Amino acid sequence: MVKKFVLLGSPVAHSFSPAIQNAAIEAAGLDWRYETMEVAPEELAPAIASMRSHGWLGANVTIPHKEAVLPLLDEIDASAAQTSAVNTIVNKEGHLVGHNTDLRGFIHDLRAHWRVPRTGRSFILGAGGAARAVAFGLAQEGLDLSLIARTASHAERLAEDLRRYHDLEVAALPWARASFARAASQCALIVNATPLGMMPEDHNSPWPDDVALPPDAFVYDLVYSPREPRLVQQAQHSGLKAVSGAGMLLEQAALSYELWTGLRAPRERMKAALEEAMERLRPGGRKDARPDHREVIDA
Ligand code: NAP
């Protein structure tokens, strides 16, 4: 029987993860497969039970299960415990261990593009699973944080969790023009951790048109499809340095692969596979383009 890894989530049909992970598996000459598994919330517990009974080697977990999966596992590592979110499960002979590689994936890619200052304030847009990984990563770097979120209770809960682990100043702000204006006047880093700008709604941006971006901030947008989300374009037009989340996507995938296999991930091969998969999605890209962009997700 072919050994496998699965991506549990909904929707997962158009994930880039199979392309990235299967490229790594092939490069190592392994007879393993990475597959997607569409799992609705009520199917999560049976899916985890299948993982044990079928001996799947590992899994990625994505929207909407990153938090719900925690109580179904046998052990949670420090990154998953702090963030209360799991994106990677390692099956150690039936003992399931949850990890969060989004956190290290984000910090790795942020550092590759920006010299993280010793002090300063970051504004994080959103307070969902990805925002949790970003916030804990930035808190470890010692930066003060402001969370701008649509649902106040989500931002407040994340702020409380951060204060429990870190001695830093965290503010939870409403999704309102005044909060963005405040960010514009005092911030070193803006991170978009909402899906605003993701295909097919790529005309969207989380940043309001009538508020100028901060003059010296670095902008990191977790959205990676399209390659240059609208927020990245807005920032570049304002003379700011800005990147999309493609580098984070690759690094979190590489770290998951390393946890599962104990092998060094072939990052260049994984990157080439991602580039190819993205090229297939580009309007006017290669002929075998996939039919729509609606369900492109991270894992
Ligand atoms: P999530 O858990 O569903 O959280 C989404 C957050 O965005 C929530 O705080 C939500 O607000 C907010 N939001 C959604 N629509 C909004 C809108 N119209 N206006 C204002 N806020 C809105 O999702 P997630 O897992 O955190 O993912 C967020 C984004 O990050 C997605 O685009 C995902 O693809 C991307 N991501 C990228 C990577 C990568 O490797 N590059 C990794 C993980 C995630 P509420 O709090 O009100 O629900």
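In this chain, numbering begins with 1 at the start of the sequence shown. Indexing begins at 1, ligand by ligand and atom by atom, following the structure's order. Being a predicted model, the structure only gives us computed values, none of them experimental.
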Applying salt bridge (charged side-chain N to carboxylate O under 4.0 Å, His left out) to Glu67 and Arg157, what does each step give before you reach the verdict? CA-CA 13 Å; Glu67 292 178 61; Arg157 188 164 67 86; 3.2 Å; yes
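- Looking at ligand 1, you'll find an N or O of Gly129 within less than 3.5 Å of one of its N or O atoms.
- Those atoms of ligand 1 with a heavy atom of His154 less than 4.0 angstrom away are 45 (P), 46 (O), 48 (O).
- For ligand 1, the polar-atom distance check against Thr151 finds a nitrogen or oxygen pair separated by under 3.5 Å.
- Ligand 1 has a nitrogen or oxygen under 3.5 angstrom from a nitrogen or oxygen of Leu222.
- In the candidate list Met248, Arg157, Glu67, Met248 is nearest to atom 39 (C) of ligand 1, counting heavy atoms.
- For ligand 1, none of its N or O atoms has an N or O atom of Gly126 under 3.5 Å away.
- Residue pairs meeting the ring-ring contact (aromatic ring centres under 6.0 Å, His included) criterion with at least one partner in residues 84-108, sequence neighbours excluded, are Phe106-Tyr220.
- Near Ala127, meaning under 4.0 Å from any of its heavy atoms, are these atoms of ligand 1: 9 (O).
- Atom CZ of residue Phe16 and atom CE of residue Met270 lie 14.5 Å apart, to the nearest 0.5 angstrom.
- Here the side chain of Glu201 pairs no donor or acceptor atom with the backbone of Leu196 at under 3.5 angstrom.
- At least one N/O-N/O distance between Gly245 and ligand 1 falls below 3.5 Å.
- Looking at Pro18 and Glu35, their side chains never come closer than 4.5 Å, going by heavy atoms from C-beta outward.
- Note: no N/O pair closer than 3.5 Å links Trp175 and ligand 1 by distance alone.
- Under the 30°/60° scheme for interplanar angles, the aromatic rings of Trp32 and Phe5 are found to stand perpendicular.
- For atom 22 (C) of ligand 1, the choice among Arg132, Arg150, Gln252 with the nearest heavy atom turns out to be Arg150.
- Among the atoms of Ile63, none of the N or O lies under 3.5 angstrom from an N or O of ligand 1.
- Taking a 4.0 Å cut-off on heavy atoms, Ala193 registers as neighbouring ligand 1.
- For ligand 1, the polar-atom distance check finds no N/O of Leu196 at less than 3.5 Å from any of the ligand's N/O atoms.
- A 4.5 Å side-chain heavy-atom check between Asp74 and Arg52 finds at least one atom pair inside the cut-off.
- Residues Trp260 and Tyr34 are in side-chain contact: their nearest non-hydrogen atoms beyond the backbone lie under 4.5 Å apart.
- In this view, Arg269 satisfies the side-chain hydrogen bond (donor to acceptor under 3.5 Å, both in side chains) rule with no residue, not counting sequence neighbours.
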